[in-house]
Amino acid sequence: MPAQTADQTRPAEKRLTVLSGPSGVGKSTVVAHLRQVNPDVWLSVSVTTRAPRPGERDGVQYHFVTDEEFDRLVAEDQLLEWAQFAGNRYGTPRGPVEERLSEGIPVLLEIELQGARQVRESMDDALHVFLAPPSWEELVRRLTGRGTESDDVIRRRLEVAKVELAAEKEFDTTLVNTSVQEVCDELLALMTAPKV
Ligand code: ADP
Ligand code: 5GP
């Protein structure tokens, strides 16, 4: 990773990047690859009320919590942002993010549109990156091909995807996920470059 340079417009301690985009576009794939090639980037582990998919482990992809536990985190203001998405709730634990940012560590949030909007309201220096599919057909192919959701859940996620795609212009920049490697390189460059 290139050395971080001091930048008056965007101090290192505020280096927060939000990656958003429709379900199935490849966010998790890109983030997993990015963590492999650059362990210096810290990825926030969200809490969710969704059930784990096969292979997902508590504390790794998500902290899997009950509805009651999620209610408690919201009531205690322990979430930086949270949202309801396709029948489940997801949120970013506030403490670990603030801790890393205060240490000057680049932080990445992989979250959906409503959460990204909340972060834009509360943290005006964050960089918002939209991950777009090469085409609508390819998005449908990826979401269906992943094989992790029922037809009904896929339909709900594709409905939400139309809303998310329409919000692309709210983001600072768009990366089209044609090649995971290329998107990863571009994302890393954005995360570590001074904001202009
Ligand atoms: P998201 O986290 O955005 O919901 P995933 O990372 O789970 O999406 O990716 C959805 C599916 O698309 C997965 O099967 C993944 O392997 C595949 N995928 C991701 N990126 C690409 C790509 N650049 N080209 C082809 N398939 C991809
Ligand atoms: P999935 O169920 O496919 O893992 O995630 C569904 C959606 O929730 C994705 O768009 C993902 O980016 C988003 N998501 C994951 N964690 C969070 C979070 O902490 N907050 C918000 N707002 N969205 C999240």
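Atoms within each ligand, like the ligands themselves, are counted from 1 in listed order.
Looking at ligand 2, you won't find any N or O of Glu149 less than 3.5 Å from one of its N or O atoms. For the pair Trp82 and ligand 2, the shortest N or O to N or O distance does not fall below 3.5 Å.
Shown in contact with Gly91 at under 4.0 Å from a heavy atom are these atoms of ligand 2, numbered in order with element: 18 (C), 19 (O), 20 (N). Numbered from 1 in the order shown, with element, the atoms of ligand 2 that lie under 4.0 Å from a heavy atom of Arg53 read 1 (P), 2 (O), 3 (O), 4 (O). Those atoms of ligand 2 with a heavy atom of Arg50 less than 4.0 angstrom away are 1 (P), 2 (O), 4 (O). Heavy-atom contacts of Ala83 reach the following atoms of ligand 2: 22 (N) (cutoff under 4.0 Å). Atoms of ligand 2 lying under 4.0 Å from any heavy atom of Gly115, numbered from 1 in the order shown and given with element: 22 (N).
Neither the backbone nor the side chain of Gln61 comes within contact range of ligand 2; no heavy atom lies under 4.0 Å. Proximity of Phe85 to ligand 2, defined as any heavy-atom pair under 4.0 Å, is confined to the side chain (atoms from C-beta onward).
Cluster membership check: Trp42 does not share its hydrophobic cluster with Leu79, using side-chain heavy-atom separations under 4.5 Å among Ile, Leu, Val, Met, Phe, Trp and Tyr. Hydrophobic clustering of Ile, Leu, Val, Met, Phe, Trp and Tyr side chains at less than 4.5 Å, counting indirect connections, unites Leu188 with Leu190. Tyr90 and Leu80 fall into different hydrophobic clusters, where Ile, Leu, Val, Met, Phe, Trp and Tyr are joined by side-chain heavy atoms under 4.5 Å apart, directly or via other members.
Judged by distance alone, with hydrogens and angles left aside, the side-chain atoms of Arg100 form a donor-acceptor pair with the main-chain N or O of Pro96 at under 3.5 Å. Listed for the Arg142 side chain is no donor-acceptor partner under 3.5 Å among the backbone atoms of Pro133. Side chain of Asn177 to main chain of Val25: a donor-acceptor pair is present (N/O by atom type, distance under 3.5 Å, no hydrogens or angles). Side-chain N or O atoms of Glu112 include one that pairs as donor or acceptor with a backbone N or O of Gly115 at under 3.5 Å.
In summary, of the residues considered (Val47, Thr49, Thr48), a side chain to side chain contact (heavy atoms under 4.5 Å, CB included) with Tyr62 occurs for Thr48 alone.
With sequence neighbours left out, Val45 forms a side-chain contact (heavy atoms from CB on, under 4.5 Å) with His63.
When hydrogens are left out, the protein atom nearest atom 16 (N) of ligand 2 is Ser46 OG, 3.0 Å; that is the closest non-hydrogen contact. Scanning the protein for heavy atoms near atom 12 (O) of ligand 2, the closest one is Glu110 OE2, 2.6 Å. Protein heavy atom nearest atom 4 (O) of ligand 2, with residue, atom name and distance: Tyr62 OH, 2.5 Å. The single protein non-hydrogen atom nearest to atom 13 (C) of ligand 2 is Glu112 N, 3.6 Å, given as residue, atom name and distance. Scanning the protein heavy atoms around atom 20 (N) of ligand 2, the nearest turns out to be Glu81 OE2, 2.7 Å.
Look at Gln114 and you'll find every heavy atom at least 4.0 Å from all atoms of ligand 2. Under the 4.0 angstrom criterion for non-hydrogen atoms, Gln118 is not in contact with ligand 2. At least one heavy atom of Arg157 lies less than 4.0 angstrom from ligand 2.
Protein residues having a heavy atom under 4.0 Å from any atom of ligand 1 are Pro22, Ser23, Gly24, Val25, Gly26, Lys27, Ser28, Thr29, Arg142, Arg146, Asn177, Thr178, Val180, listed by chain and number.
Looking at every heavy atom in both residues, Phe85 comes nearest to Ser23 through CZ-CB, 4.1 Å.
Counting non-hydrogen atoms of neighbouring residues, nucleotides and ligands closer than 6.0 angstrom, the CD atom of Glu121 reaches no more than 12 such neighbours.
Contact check for Val163 versus Gln114: no side-chain heavy atoms found under the 4.5 Å cut-off. Proximity of Met191 to Arg15: side-chain heavy atoms (C-beta onward) are nowhere separated by under 4.5 Å.
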request  = Show your reasoning for whether salt bridge (charged side-chain N to carboxylate O under 4.0 Å, His left out) applies to Glu149 and Arg53.
outcome  = CA-CA 9 Å; Glu149 271 85 22; Arg53 292 177 185 140; 2.7 Å; yes

